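Working notes for the structure below.
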Amino acid sequence: QTKLSLQNCGIQVMRNKTFTALVHVDLLYLNYNNFTRPVHRNPFKFFSVGVLEMKRSNIQWITKGFFRVRVDSRLDLSGNNITVLQAESFKGLEGVRVLVLSGCNIAELRGQPFSILPDLQRLYLDHNLLTNYN
């Protein structure tokens, strides 16, 4: 099992195709970083990962195409400050079966951001600020 842990490294920016040379990693941990700057599009382009964790990393928004990655199992974004999810926030994300968005201060879902995730089996939205979900 291939594991790459870049937890608590103070990473602020991930540039386009940052992880593409790796092709596949079973476990990628990017927890406890500081992604407060806008994330460049497609840092994961042409990359696949079994489990991707980006917990408590100061992510404030997810731009269209950011997750152009195959996640074979779980994507965990819990504990960030993602207040709004757009209809296409997860466009390009493939294969994810478990999506964890617990404690992200999500107050608004615009459109249907989860409808483009055909493999999604479990969605965790607990401890958010949602008042209305259409």
Side-chain angles (χ1 to χ4, degrees):
Q1 206 175 43
T2 308
K3 176 181 174 181
L4 176 58
S5 179
L6 295 169
Q7 298 184 95
N8 205 15
C9 290
I11 300 170
Q12 295 180 342
V13 175
M14 286 190 297
R15 301 209 184 279
N16 192 21
K17 301 180 186 176
T18 299
F19 296 102
T20 54
L22 298 173
V23 182
H24 179 80
V25 171
D26 295 303
L27 305 166
L28 176 56
Y29 298 120
L30 293 167
N31 304 315
Y32 308 103
N33 280 290
N34 193 24
F35 298 119
T36 53
R37 295 183 187 174
V39 178
H40 291 250
R41 288 185 64 152
N42 307 326
F44 304 104
K45 192 172 184 181
F46 308 122
F47 179 72
S48 81
V49 61
V51 172
L52 174 58
E53 289 190 2
M54 299 177 78
K55 297 185 284 191
R56 300 189 186 283
S57 290
N58 273 331
I59 297 171
Q60 297 174 9
W61 54 85
I62 300 173
T63 58
K64 175 182 168 185
F66 171 69
F67 286 111
R68 190 159 299 200
V69 59
R70 173 152 191 92
V71 177
D72 296 323
S73 181
R74 185 180 83 237
L75 173 60
D76 191 339
L77 298 170
S78 60
N80 284 291
N81 194 29
I82 307 165
T83 57
V84 176
L85 287 177
Q86 304 286 343
E88 296 186 333
S89 291
F90 298 108
K91 187 171 184 172
L93 179 62
E94 298 176 13
V96 69
R97 289 178 281 172
V98 178
L99 179 58
V100 183
L101 293 164
S102 303
C104 286
N105 296 319
I106 298 170
E108 185 178 354
L109 300 176
R110 294 184 185 160
Q112 297 180 341
F114 311 113
S115 65
I116 58 176
L117 300 172
D119 300 317
L120 189 64
Q121 296 171 2
R122 290 188 207 133
L123 174 62
Y124 296 93
L125 286 169
D126 51 307
H127 302 287
N128 279 292
L129 305 172
L130 286 170
T131 56
N132 188 16
Y133 176 65
N134 298 323

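Computed from heavy atoms alone, side chains included, the values below leave out hydrogens, waters and symmetry copies. A quick note: this is a predicted structure, and the numbers were derived from the prediction, not measured.
- The CG atom of Leu93 sits 9.5 Å away from atom CG of Asp119, with the distance rounded to the nearest 0.5 Å.
- Checked against side-chain contact (heavy atoms from CB on, under 4.5 Å), Asn31 has the following partners two or more places apart in sequence or in another chain: Gln7, Tyr29, Glu53, Lys55.
- Gly111 and Ala87 get closest at one heavy-atom pair: CA-CB, 4.0 Å.
- Residues forming a side chain to side chain donor-acceptor pair (under 3.5 Å) with Ser57 (at least two apart in sequence, or on another chain): none.
- A continuous path of hydrophobic side-chain contacts links Ile11 to Leu52 [ILVMFWY only; heavy atoms under 4.5 Å].
- Summarising the geometry, atom OG1 belonging to Thr83 is positioned 10.5 Å from atom CG belonging to Asn128; distances are rounded to the nearest 0.5 Å.
- Residue Leu85 holds its CG atom at 9.0 Å from CG of Leu77, rounded to the nearest 0.5 Å.
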Table please: side-chain donor-acceptor pairs of residues 96-107 below 3.5 Å, with sequence neighbours left out.
{"residue": "Arg97", "atom": "NE", "partner": "Asp72", "partner atom": "O", "Å": "3.0"}
{"residue": "Arg97", "atom": "NH2", "partner": "Asp72", "partner atom": "O", "Å": "2.6"}
{"residue": "Ser102", "atom": "OG", "partner": "Asp126", "partner atom": "OD1", "Å": "2.6"}
{"residue": "Asn105", "atom": "ND2", "partner": "Asn81", "partner atom": "OD1", "Å": "3.0"}

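- Each of Met54 and Leu27 belongs to its own hydrophobic cluster when Ile, Leu, Val, Met, Phe, Trp and Tyr are linked at side-chain heavy-atom distances under 4.5 angstrom.
- A donor-acceptor pair under 3.5 Å is absent between the side-chain atoms of Asn33 and the main chain of Phe35, judged by distance alone.
- The two residues Leu28 and Val49 have their closest heavy-atom pair at CB-CG2, 3.8 Å.
- Residues meeting the side-chain contact (heavy atoms from CB on, under 4.5 Å) test with Asp26, sequence neighbours left out: Gln1, Thr2, His24.
- Residue Pro118 comes nearest to Ile116 through the heavy atom pair CD-O, 3.1 Å, listed as atom of the first residue, atom of the second, then distance.
- Applying the side-chain contact (heavy atoms from CB on, under 4.5 Å) rule to Val84 yields the partners Gln86, Glu108, Arg110; only residues at least two apart in sequence or on another chain are considered.
- One hydrophobic cluster holds both Phe90 and Leu120 under the rule that ILVMFWY side chains link at heavy-atom gaps under 4.5 Å.
- Two different hydrophobic clusters hold Val51 and Leu117 under the rule that ILVMFWY side chains link at heavy-atom gaps under 4.5 Å.
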